[in-house]
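Working notes, beginning with the structure itself.
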Amino acid sequence: MSSKLLLTAVAALGLVFSQAVWSQNIKIAILGPMAFVQGENHWAGAEMARDEINKAGGISVGGAKHQVEIVKIDTNEIQSVPDATNAIERAISRDKVDFLIGGFRSEAVLAMQEVAMDAKKLFLGAGAADAKLTENVTKDYERYKYWFRVTPTKSADLAKTVFTVLGAVGAQIRADLKKEMPKVAILSEKAAWTEALVKVAQANLPKMKMEVVGTWQPSPIATDVTAELSAIKRSGADIVFTIVSGPMGIVLGRQMGELQLPAVAFGINVEAQKDGFWQATAGKGNYVATLDTYADVETTPKTIPFVKAFKERYKKSPTYNAGTYDSIHILKVAIEQAGSIDANKLIPVIEKMEHVGAGGTQSWDKSHDLIWAVGKTSGIAVQWQDGQKVAFWPPQTKGMKPFKMPK
């Protein structure tokens, strides 16, 4: 064979190989504790984004359309950090995924982050709040630049939101109960992501003219918090300030009702975000309030349509972990703008992006953390009122209803 013919054959083979490679789906690992509500919502949000995008033709890469393929990765991270790192390693090495989305428990996600950075895989976080995840980007940009947080905001920004709402709740207690110094009990699960919030609460609540009567920190998977709640009841607390993401949130709501605790629970309680909370607490979780992300309110033009479609498909409301939906859409926008699935080409695109999603309007700072703003990335606050989950904050958002005190 002549050298000219050889070069032509090689070029043809290269074209065939290239076409074979680019005819593949874009594979996205959805990482989460799939036996728990958090993982269920990771997967559900991802399914909705995948189906929407594929129905519309897929993602355009350099003029060619590619379907989205999602791979369910059970990290078991609530129970085991080693399980989580093993799971993400398998997703990268065995499943050959292009992108990583999800994560929930901060301790596990910090470990998973290291695996992803070793592999130089773009990892969009959709569950962990620990500030260390994005502090890593600031400290060593070249290594950690592949990490972006999509939901929730970091712990310190969650604190901004929760204390803004807590100030409004405190004002209502002062007006309704005629108490100038409402008493607050801090009840936080013992976990890495809560440490900063607990410290901020202990320091800031007195400045907000609220008396801290104590801090209790049971396990995220505690099945009985009677001792803690009994002590809180004896303290005369008006507010139980909750910082809870694990299944203990259900126990908390049910046992508050059983003990007839004359206090309102407000803060973060991920279990109270889901529709099944009322049934899980045997109808005893009345007046429990929490930060949330989704409700039938117009956070963005995409929120109500997403919530409606989610409820129709899954017969329940989404929790914030369904932010995998926005994450996949962010990837789509970035890939189509960059014309590539190369992480290093996508990073500068996402860094400059302002994305109007179902959960809020996302943009990022230099550490790849969400830029906090009320009505954009702050989320909302909801309260259980006689079996219904009612959104009450921020008041300027269309669709909000009044907050209620325990009767």
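Count residues from 1 along the sequence. We use all heavy atoms of the structure for the numbers below, so side chains are in, but hydrogens, waters and symmetry mates are not.
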Donor-acceptor under 3.5 Å ([X] side chain, [Y] main chain):
X      : Y      : result
Glu351 : Trp364 : no
Tyr320 : Thr151 : no
Lys332 : Ser327 : no
Gln383 : Lys404 : yes
Asn76  : Pro33  : no
Lys233 : Leu259 : yes
Lys315 : Glu312 : yes

Polar contact flag, side-chain donor to acceptor under 3.5 angstrom, [X]-[Y]:
X      : Y      : value
Trp384 : Gln388 : no
Thr377 : Gln362 : no
Asn41  : Asn321 : no
Asn344 : Lys145 : yes
Glu52  : Tyr325 : yes
Trp372 : Thr161 : yes
Asp292 : Thr290 : no
Asp275 : Ser317 : yes
Tyr144 : Glu135 : no

Mind running side-chain hydrogen bond (donor to acceptor under 3.5 Å, both in side chains) on Asp130 and Ser106 for me, showing each step along the way? CA-CA 6 Å; Asp130 197 327; Ser106 290; 4.6 Å; no

To the nearest 0.5 Å, how far apart are CG in Asp98 and CG in Leu346?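 Reported to 0.5 Å precision, the distance equals 10.5 Å.
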
Check ion pair [X]-[Y] (N to O, under 4.0 angstrom):
X      : Y      : answer
Asp342 : Lys120 : no
Asp95  : Arg90  : no
Arg254 : Glu258 : yes
Asp296 : Lys311 : yes
Arg149 : Asp369 : yes

Where is the tightest heavy-atom contact between Thr138 and Ser367, given as atom of each residue plus distance?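 Minimum heavy-atom contact is OG1-CB, 3.2 Å.
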
Looking at every heavy atom in both Ala128 and Leu133, which two are closest together, and how far apart are they?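 In terms of heavy atoms, the two residues are closest at CB-CD1, 3.7 Å.
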
Tell me which one of Arg105, Gln273, Glu271, Glu189 satisfies side-chain hydrogen bond (donor to acceptor under 3.5 Å, both in side chains) with Ser245.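 The passing option is Glu189.
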
Please determine whether side-chain hydrogen bond (donor to acceptor under 3.5 Å, both in side chains) holds for the pair Asp224 and Gln255, giving the CA-CA distance in whole Å, both sets of side-chain angles, and the decisive distance to 0.1 Å. CA-CA 8 Å; Asp224 187 354; Gln255 293 186 336; 3.1 Å; yes

Measure up the Phe163 and Phe241 rings against each other and bin them: parallel (under 30°), tilted (30 to 60°), perpendicular (over 60°).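 Because their plane-to-plane angle lies in the 30° to 60° range, the rings of Phe163 and Phe241 count as tilted.
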
Taking the inter-plane angle between the rings of Phe123 and Trp147 on a 0 to 90° scale, is it parallel (under 30°), tilted (30 to 60°) or perpendicular (over 60°)?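 Ring orientation, 0 to 90° scale: perpendicular.
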
